[in-house]
Amino acid sequence: MATIDPPVFTGEPEPGVPPVLTGHHTPGSVTDDITRPIFSEIKPWWLVGFGISFALLMLFLMGAAKLVTVGTGVWGLNMPVAWGFAIINFVWWIGIGHAGTLISAILLLFRQEWRTSINRFAEAMTLFAVACAGMFPILHLGRPWLFYWLMPYPNQMSLWPQFQSPLIWDVFAVSTYATVSLLFWFTGLIPDLASLRDRAKNIWVQRLAGIFSLGWRGSAKHWQNYEALYLLLAGLSTPLVLSVHTVVSFDFAISIVPGWHTTVFPPYFVAGAVFAGFAMVFTLMLPLRPLFGLKDYITDRHLQAMAKVMLTTGLIVAYGYIVEIFVAWYSGNVYEWGMVKNRFTGPFKFQYLMLWVCNIFVPQLLWIKRVRTSPIVLWLVSMAINVGMWLERYIIVVVSLARDFLPSSWDVYAGTRWDWAIYVGTIGLFMALIFLFIRFLPVISIFEVRHLAHEKSHHHEAAT
Amino acid sequence: MSFTIYGLMAEFPTSEALVEAARKTTRAGYTRVDAFTPYPVEELSEALEHKRSWVPLIVLMGGLAGGFGGFGLQFWSATIHYPMIIGGRPFAAWPGWIVVTFECTILAAAASGLLGMILLNKLPQPYHPVFNVESFRAKASSEGFFLVVEAEDPRFDRQDTADFLRELNPIEVAEVEE
């Protein structure tokens, strides 16, 4: 068997690159620092934040209740635009999830040591974002309680799902993605839950952490199997994360609607997903870092590395926009070219302009080193990208559908207040889950940082 | 001391010391030896002469089962159980099944991997004797490095083994209550 090497610490980074872990840490101090927020008293900012998120979650429930009792007519859908906010938000949320898997799987395979401090948090974000994403197609069914008809199960009518439909591919891709992300996250949590179990003073915390840590005791045999599994899960998640957004892009690309029927969609969707996901990691992590006193673990190195990933994927997205325009022109297809002209001059030109500003012009600030190291500017850039990526899906869905082949069926589209209630409500759901997560579970992978601290202390000894 | 013992436990200050001690212990002929660390230490598996992990094979088997199962379900439902002509394509229009087959492969591989890891490690295990040692409970999951020689080892002797472990420069040697 290929033995699983530890993440290699390749020595001091070259001059000018900040370290991935600052301060002097031992395995014990790492455990103390990361478990401290869990065992400390609830802070006022947490209560306020959770309260607001919970209120928005109630808004979501209200919107969903309205939808279920009245029907999809409460949404702004009309006949050319039969797919409005539901698919926009679905694609937006699922894209946000991608950064988590990218950080935890692809960067693990590439031995990027800076991933260690942020992977747990990003994976949790993935899970919650996928949960929010899943709400939309299910609610869009109109009769959400019958969602299981999408799964292949033996039923009395002997009917099977249409396995050649991109919508069924979505069901399989998203549910697999959610399940594997959960397994990956739980696997990473097992040793840390054992730490919680041994640290907890409260009997209930001990018991719960004890149940979920499965009696983990860090035996060498355990670690051997564990490391093998962890690496394999990373290897399995890597093609999975690339496949999920590819499949989501097939929802569009398989059709013949102008603006959708494009071969650039799969790679451009995946890059956009990573772009959006890193922006969301920044949005959440930058405020959390000072609040939890985690500056030793999430250092300037992390900010810079993530900013560079964001810049790169942003450039791929920009390339996608340009290729879309070029291919529409070069193909000589009047419908495609009409769609492009409509994006620039039609009823949604303001959204299209904002899309360029948020996704292409603003991220160019990341070329500047002072921007990459300034948390406040980074946070503002990431917020612009969050908005921009939502607008991107809006443009893709709405502009293409509102003006298809036949001018007599053209219409305009706008979300109603119930559309907005459900959309903002899922943000509440997401934030509420994030607040619960940072309160009850270690936001940084403790055992991996212990390992990192050990590697680093060794390097120091060797150097001095 | 009247309790039956599970084994003898020695605590070491660093992972290097633990690896060294584990190597010496297995070289001395002990076979039922286990080591406990707060983070994975690769050299330990080698020092304790562990066999290679079964997890990769389980993942491969799970993935193959998922892939063939997913493809088989689509093939069977579309050609045997309820054949329908859709878009003028043949019943077994397999290119459209690739996505579902791929997803089933990944799902089954990942799930069987986690299940395999849990079962191979004999988890969940609510009770284990090593937790009866005070310092293990306090430190094993954060900063302690422990070596245990089990009483079932054919070479185990309460006195001789304890003496042997003390020669390895541990922080302390403790008896593990069953």
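We use all heavy atoms of the structure for the numbers below, so side chains are in, but hydrogens, waters and symmetry mates are not. These numbers come from a predicted model, not from an experiment.
B:H50 approaches A:K221 most closely through the heavy-atom pair CE1-N, 3.5 Å. Residues B:H81 and A:S158 share a closest heavy-atom pair of CE1-CB, 3.7 Å. When every heavy atom of A:L236 is checked against every heavy atom of B:A110, the shortest pair comes out as CD1-N, 3.7 Å. Of all heavy-atom pairs between A:R217 and B:F36, the closest is O-CD2, 3.1 Å. A pairwise comparison of heavy atoms in B:S141 and A:D198 identifies OG-OD2, 2.7 Å as the closest pair. Between B:S45 and A:A220 the shortest heavy-atom distance is OG-O, 4.3 Å.
For A:L232, the part sitting under 4.5 Å from any heavy atom of chain B is the side chain, from C-beta outward, and nothing else. In this structure, chain B has a heavy atom under 4.5 Å from the side chain of A:I190, while its backbone stays farther away. Heavy-atom distances place no part of A:P166 under 4.5 Å from chain B, backbone and side chain included. For chain A, the nearby part of B:F131 is the side chain; its heavy atoms alone come within less than 4.5 Å. For chain A, no part of B:P126 is nearby; none of its heavy atoms comes within less than 4.5 Å. For B:I98, no part lies near chain A; criterion is any non-hydrogen pair under 4.5 Å. Looking at B:W94, there are no atoms closer than 4.5 Å to chain A (heavy atoms on both sides), in backbone or side chain. Heavy-atom distances place the side chain of A:P152, and not its backbone, under 4.5 Å from chain B. In this structure, chain B has a heavy atom under 4.5 Å from the side chain of A:W160, while its backbone stays farther away. Heavy atoms closer than 4.5 Å to chain B are found in the side chain of A:F186, but not in its backbone. The contact between B:V99 and chain A is made entirely by side chain atoms (from C-beta outward), counting heavy-atom distances below 4.5 Å.
Atom CZ of B:F156 sits in a crowded spot, with more than 12 heavy atoms from other residues, nucleotides or ligands closer than 6.0 Å. Within a 6.0 Å radius of CD1 in A:I256, no more than 12 heavy atoms belonging to other residues, nucleotides or ligands are found. Environment of CD1 in B:I85: sparse, with no more than 12 heavy atoms of neighbouring residues, nucleotides or ligands closer than 6.0 Å. Other residues, nucleotides and ligands contribute only 12 or fewer heavy atoms inside 6.0 Å of the OH atom of B:Y82.
Within residues 102-109 of chain B, the residues approaching chain A closer than 4.5 Å by heavy atoms are, in numerical order, B:F102, B:E103, B:C104, B:I106, B:L107, B:A109. Contacts from residues 204-216 of chain A to chain B, taken as heavy-atom pairs separated by less than 4.5 Å, involve A:L214, A:G215, A:W216 in sequence order.
Ranked by heavy-atom pairs under 4.5 Å with chain A, the first of B:S77, B:G113, B:A47 is B:S77. For chain B, the option among A:L240, A:V244, A:L233 with the highest count of heavy-atom pairs below 4.5 Å is A:L240. For the set B:R89, B:K139, B:E46, the count of heavy-atom pairs under 4.5 angstrom toward chain A peaks at B:R89. Interface summary for chain B: among A:F163, A:Y230, A:Y177, the most heavy-atom pairs under 4.5 angstrom belong to A:F163. Of the residues considered (A:V180, A:T176, A:T31), A:T176 shows the highest number of contacts with chain B, using heavy-atom pairs under 4.5 Å. Per-residue heavy-atom pair counts under 4.5 Å with chain A were compared for B:G144, B:A111, B:A93, B:A140, and the maximum is reached by B:A93. Among B:T14, B:I86, B:L48, the residue making the largest number of heavy-atom pairs under 4.5 Å with chain A is B:I86.
Side-chain contact annotation: B:S142 with A:R199, donor-acceptor N/O pair under 3.5 Å present.
Atom CG of residue A:L183 and atom CG of residue B:L114 lie 5.5 Å apart, to the nearest 0.5 angstrom. Rounded to the nearest 0.5 angstrom, B:M117 CE and A:Q224 CD are separated by 12.5 Å. Taking CG from B:L123 and OH from A:Y226, the interatomic distance works out to 11.5 Å, rounded to the nearest 0.5 Å. To the nearest 0.5 Å, atom NE2 of residue B:H128 and atom OG of residue A:S219 are 8.0 Å apart. Taking CD from B:E143 and NE2 from A:H454, the interatomic distance works out to 14.0 Å, rounded to the nearest 0.5 Å. One distance of note links CH2 of A:W223 with CG of B:L44; it measures 11.5 Å at 0.5 Å rounding.
Contact annotation: the side chain of A:E227 approaches that of B:E42 to within less than 4.5 Å [non-hydrogen atoms, C-beta and beyond].
Aromatic ring pairs are classed by plane angle as parallel below 30°, tilted from 30° to 60° and perpendicular above 60°; the pair A:H451 and B:Y39 is parallel.
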